[in-house]
Every structure is written in structure tokens, then in C-alpha cells.
*Asks:* 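This is the structure, below, for whatever I ask next.
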Amino acid sequence: MSANRKDDHVRLAVEQQRGHRGHNEFDDVSFVHDALCGIDRCEVSPATRFAGITWDHPLYINAMTGGSVATGAINRDLAIAARETGVPIATGSMSAYFRDESTAGTFSVMRRENPDGFIMANVNATASVEQARRAVDLLRADALQIHLNVIQETVMPEGDRSFSHWSAQIEKIAAAVDVPVIAKEVGFGLSRAAVLALQDMGVAAADVSGTGGTDFARIENDRRDGAQYSYLDGWGLSAPACLLDSQGTQIPLLASGGVRNPLDAARSLALGAVAVGVSGGFLRTLLDEGVAGLIARISAWQEQLVALMTALGARTPAELARRDVLIRGDLRAFCLDRGVD
Ligand code: FNR
């Protein structure tokens, strides 16, 4: 059942990517053009530092998969692409490994293919401290993601229906593991209240992972006949809305969910994110164009993000956050409703 579920997720996520119309709330964010603010490319350092972590580039491959033969092969290819481009990478949820140790290789293949890379393990908020440690150990992981997927669980008939213990569990794991813990959504976004709560729980960083890209309500609805919760498609907050909502909070924020191109990455950094993650879009490239295609795409994004920083006069990702941006459309309405300046 679980292996089938993992394979279904990959198939339906890629179908969603192929059908994407293109518009999302990143389009409501634009830089105020300044014809004279450009600097020299050699002045730009895209390295990002947060929570004791340093990445050479503020782009990462976000959590997706593992747990079945087919998804193990995908993890191998994603890890090769991460190794060749130097980007950090996360594995998918390791619940399958806790249920069945014979799936270990479908996750650990990431470390085998990418021995020196930055790898994040991934567990859900019901994992025990012992499971969280096992996940980190299996991958010799550099960080641990804990995913928050309340809407996905709700849409799944076999999903969890008890969520009240999540906060206590996250707090315990954050205090117990030896690597930084990054709490993340799975495509429905983190509100300011959620970010503040995570801050109190002692996590090192939060990945807002908003709407506009992979939609797990739709994926779970599409997995069965007679979509019971089809009215939830599109539920949640976009990454730009989350970043604006959480201005002034203390923990570093990572942006993901609906990031389509290097401009969306630059927009995320301008709204205060320390790094930018992509899942569905890179998965589609891998399945349509192979590892070589994914390596070429990530390399192009890295190159173009530095080019945009050069044109925008930002020596570092943090300097992009000082650029003037205009907020329009639904995102502007959101800011007005939420009292965001
Ligand atoms: C995911 N995502 C995810 N997240 C997580 O924390 N654990 C997981 O196991 C998975 N599984 C998973 C499978 C597939 C096929 C996809 C495409 C995604 C969610 C992912 O990390 C991210 O939060 C969302 O996909 C939003 O980003 P994109 O896809 O819009 O770039």
C-alpha cells in the first residue's frame, strides 16, 4: 500500500506539473526596476548562512520520495544531480523505512551517490525521538526535516486524525537530535502563527512550502474514485504570502512551493527567505529529460540567479531583501487583510 502510494504521488505530481497553467502568487511580486543598480558579477556571492548551516548557493532540491523500487531509482538520480551541481537535497518521508527496514536502500542511496553533499532526512511529526535519530543515522544526514501535512492526512481516508501531539513531538525531536531541525509544510504554507509556534518549539528553521505548485489535496483526491474532498483543491497560503505574513519573526525561513524559475527564487529571497526549494518542477525535469536534463536545469538556475542578483545589485542573498518590490493582486489583498506593511 505504502509503496503504491509513493509511486502514485510521483505519477500524479508530475501530471500536475505538466498541466500547470503558469500563474501563481509569485507573479504578484515584482522588483522596482532600477537601470543603474547593477554591479559586477565577480562581486556576487550566492552563499547563504542560517542556523549554523552554510550553503554555497541558496537553492535546494526539496523532499520527495523513497520507499519503493521505482522511487529508490528516483532518489539515486536526484542525488546524482545534487552531487553534480552541489545543491543540498532532502529525501522523502522515511516512514516507510520505520515500517519496513528492507526499504532502507531506497533512502540511503542518496548518501551513497552523494557522499560529501548536504543531505536532509525527513520524518513526520509523529516520529519518535528514536526514529528521528535512526533517520539521521541512516543518511548520515546534515539536517532533519519534519513535515507538517495536516490537510494531506485529512484528505487520505487512511490518514491521521489526531494532530494535537505534533507540537510536543517536534519540540522533543528538536531538543534531542544532533543536527539542525527544519520544520516544513508540504505545499499548504505556514502562517505567522505556525512560524511563531515552531520558533517556540526550538526548531532551527522553517520551510514555508506554500501553494501554487504541487497540491497534495488534489493528489490525494486524484488517487481514488469519487474525490471526496475535491473542494479543498487550492487550500492554503502561497510561499510569498507566508514570507510576508512572517516578516519580523526570528527563525530563518526557507521558501518552497510553486517556485517555477530563478525569478521566483529571487522574489523569495527579496521577501526574506534564506534559501529556495523546488520539488515537483525538478521531478518533472528528471522524468522527462533524465539526470543530464536535471543537472543542466539546476546549473542554469544557479547561473541565472547569480545573473539576476548582479542586475539587481545584490552582493549576497540577504542584500536582495533590501531591494524594493511591488506587491499586487491577491497578494496585496492578503497583506491588507493581515495588516502586513
Ligand atoms: C513531496 N513533498 C514531500 N514533503 C515532505 O516533507 N515529505 C515527503 O515525503 C514529500 N513527498 C513528496 C512527493 C512528491 C512526489 C512531491 C512532488 C512532493 C512536498 C515537497 O517537499 C514540497 O513541500 C511541495 O511539493 C511544494 O513544492 P513544489 O513541488 O511546488 O516545488
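The first residue in the sequence is number 1, and the count goes up from there. Note that ligands are numbered from 1 as they come in the structure, with each ligand's atoms numbered from 1 the same way.
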*Asks:* I'd like to check which ligand 1 atoms, numbered from 1 as shown, lie under 4.0 Å from a non-hydrogen atom of G92.
*Replies:*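 That gives atoms 9 (O) of ligand 1.
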*Asks:* Do we see a donor-acceptor contact under 3.5 Å between the side chains of S209 and S256?
*Replies:*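 Looking only at side-chain atoms, S256 and S209 do form a donor-acceptor pair, the distance falling under 3.5 Å.
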*Asks:* In terms of atom number and element, which parts of ligand 1 are under 4.0 angstrom from non-hydrogen atoms of K184?
*Replies:*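 Going through ligand 1 atom by atom, the ones under 4.0 Å from K184 are 4 (N), 5 (C), 6 (O), 19 (C), 20 (C), 21 (O), 22 (C), 23 (O).
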*Asks:* Testing the 3.5 Å rule here: is there a donor-acceptor pair between the side chains of R192 and T249?
*Replies:*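 Their side chains do not contain a donor-acceptor pair, so the 3.5 Å distance test is not met.
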*Asks:* When clusters are formed by joining ILVMFWY residues with side-chain heavy atoms under 4.5 Å apart, either directly or through shared neighbours, do L59 and L294 land in the same one?
*Replies:*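 Yes, same cluster.
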*Asks:* State the atoms of ligand 1, each with its element, that fall below the 4.0 Å cut-off from a heavy-atom position in G258.
*Replies:*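 In order of number, 28 (P), 30 (O).
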*Asks:* Which protein heavy atom lies closest to atom 12 (C) of ligand 1, and at what distance to 0.1 Å?
*Replies:*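 The closest one turns out to be M64 O, 3.1 Å.
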*Asks:* Centroid-to-centroid, W235 to Y229, below 6.0 Å?
*Replies:*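 No, the ring of W235 stays outside the 6.0 Å limit from the ring of Y229, centre to centre.
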*Asks:* If you measure every N or O of G281 against every N or O of ligand 1, does any of those distances drop under 3.5 Å?
*Replies:*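 Between G281 and ligand 1 (N or O atoms, distance only) the closest approach is not under 3.5 Å.
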*Asks:* Begin from the C-alpha positions of R267 and D28 and carry the test salt bridge (Lys or Arg N to Asp or Glu O under 4.0 Å) through to its verdict.
*Replies:* CA-CA 10 Å; R267 287 163 161 153; D28 290 342; over 6 Å; no
*Asks:* So which heavy atom in the protein is nearest atom 3 (C) of ligand 1, and how far is it from that ligand atom?
*Replies:*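 Scanning the protein heavy atoms, the shortest distance from atom 3 (C) of ligand 1 goes to A63 O, 3.4 Å.
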*Asks:* Should you measure from each heavy atom of E185, which atoms of ligand 1 turn up under 4.0 Å away?
*Replies:*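 The atoms of ligand 1 under 4.0 Å from a heavy atom of E185 are 23 (O).
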*Asks:* Does the side chain of N62 pick up a donor-acceptor pair with the side chain of Q145 at under 3.5 Å?
*Replies:*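 Side chains of N62 and Q145: pair found under 3.5 Å.
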*Asks:* If we only count N/O pairs under 3.5 Å, is Q145 in contact with ligand 1?
*Replies:*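 In this structure, Q145 places no N or O atom under 3.5 Å from an N or O of ligand 1.
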*Asks:* When you measure from the centre of the six-membered ring of Y97, is the NZ or CZ of R134 under 6.0 Å away and within 45° of the axis?
*Replies:*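 Yes, R134 lies over the aromatic ring of Y97.
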*Asks:* For F216 and ligand 1, does the shortest N/O to N/O distance drop below 3.5 Å?
*Replies:*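 No, there is no polar N/O contact under 3.5 Å.
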*Asks:* Quick check on contacts: which atoms of ligand 1 are under 4.0 angstrom from a heavy atom of S93?
*Replies:*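 What qualifies from ligand 1 is 7 (N), 8 (C), 9 (O).
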*Asks:* Give yes or no for whether the N/O distance cutoff of 3.5 Å, strictly under, is met between T214 and ligand 1.
*Replies:*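 N/O-N/O distance under 3.5 Å: yes.
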*Asks:* Would you confirm whether N75, through its side chain, and T65, through its main-chain N or O, come within 3.5 Å as a donor-acceptor pair?
*Replies:*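 It does hold such a pair.
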*Asks:* Please work out whether any backbone atom (N, CA, C, O) or any side-chain heavy atom from C-beta onward of S279 is under 4.0 Å from ligand 1, and answer side chain, backbone, both or neither.
*Replies:*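 Within the 4.0 Å criterion, S279 contacts ligand 1 through backbone and side-chain atoms alike.
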*Asks:* Could you check which of R5, H9, R11 puts a non-hydrogen atom nearest to atom 15 (C) of ligand 1?
*Replies:*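 Residue with the shortest heavy-atom distance to the ligand atom: H9.
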*Asks:* Excluding sequence neighbours, so at least two apart, what forms salt bridge (charged side-chain N to carboxylate O under 4.0 Å, His left out) with R315?
*Replies:*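 Salt bridge (charged side-chain N to carboxylate O under 4.0 Å, His left out) list for R315, sorted by chain: E43, E319.
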*Asks:* Please confirm whether V186 approaches ligand 1 to less than 4.0 Å, judged on its heavy atoms.
*Replies:*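 Contact present.
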*Asks:* With heavy atoms of A13 as the reference, note each atom of ligand 1 found under 4.0 Å away.
*Replies:*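 Listed by number with element, the hits are 15 (C), 17 (C).
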*Asks:* What about W166 and V203, same hydrophobic cluster or not, with Ile/Leu/Val/Met/Phe/Trp/Tyr joined at side-chain heavy-atom distances under 4.5 Å?
*Replies:*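 Yes, W166 and V203 fall within the same hydrophobic cluster.
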*Asks:* Where does N122 meet ligand 1, judged by heavy-atom distances below 4.0 Å: at the side chain, the backbone, both, or neither?
*Replies:*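 Only the side chain of N122 comes within reach of ligand 1.
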*Asks:* Within a reach of under 6.0 Å around CZ of R332, are more than 12 heavy atoms found that belong to other residues, nucleotides or ligands?
*Replies:*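 No.
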*Asks:* Can you sort out which atoms of ligand 1 are near G213, meaning under 4.0 Å from one of its heavy atoms?
*Replies:*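 The atoms of ligand 1 under 4.0 Å from a heavy atom of G213 are 30 (O).
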*Asks:* For S68 and T71, run side-chain hydrogen bond (donor to acceptor under 3.5 Å, both in side chains): C-alpha distance rounded to whole Å, both residues' side-chain angles, the deciding distance at 0.1 Å, then the answer.
*Replies:* CA-CA 5 Å; S68 67; T71 57; 2.7 Å; yes
*Asks:* With a 4.0 Å cut-off on heavy atoms, is G257 touching ligand 1?
*Replies:*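 Under 4.0 Å: yes for G257.
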*Asks:* Regarding atom 22 (C) of ligand 1: of the candidates G212, S209, G210, A239, which has the closest heavy atom?
*Replies:*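 Looking at heavy atoms only, the winner is S209.
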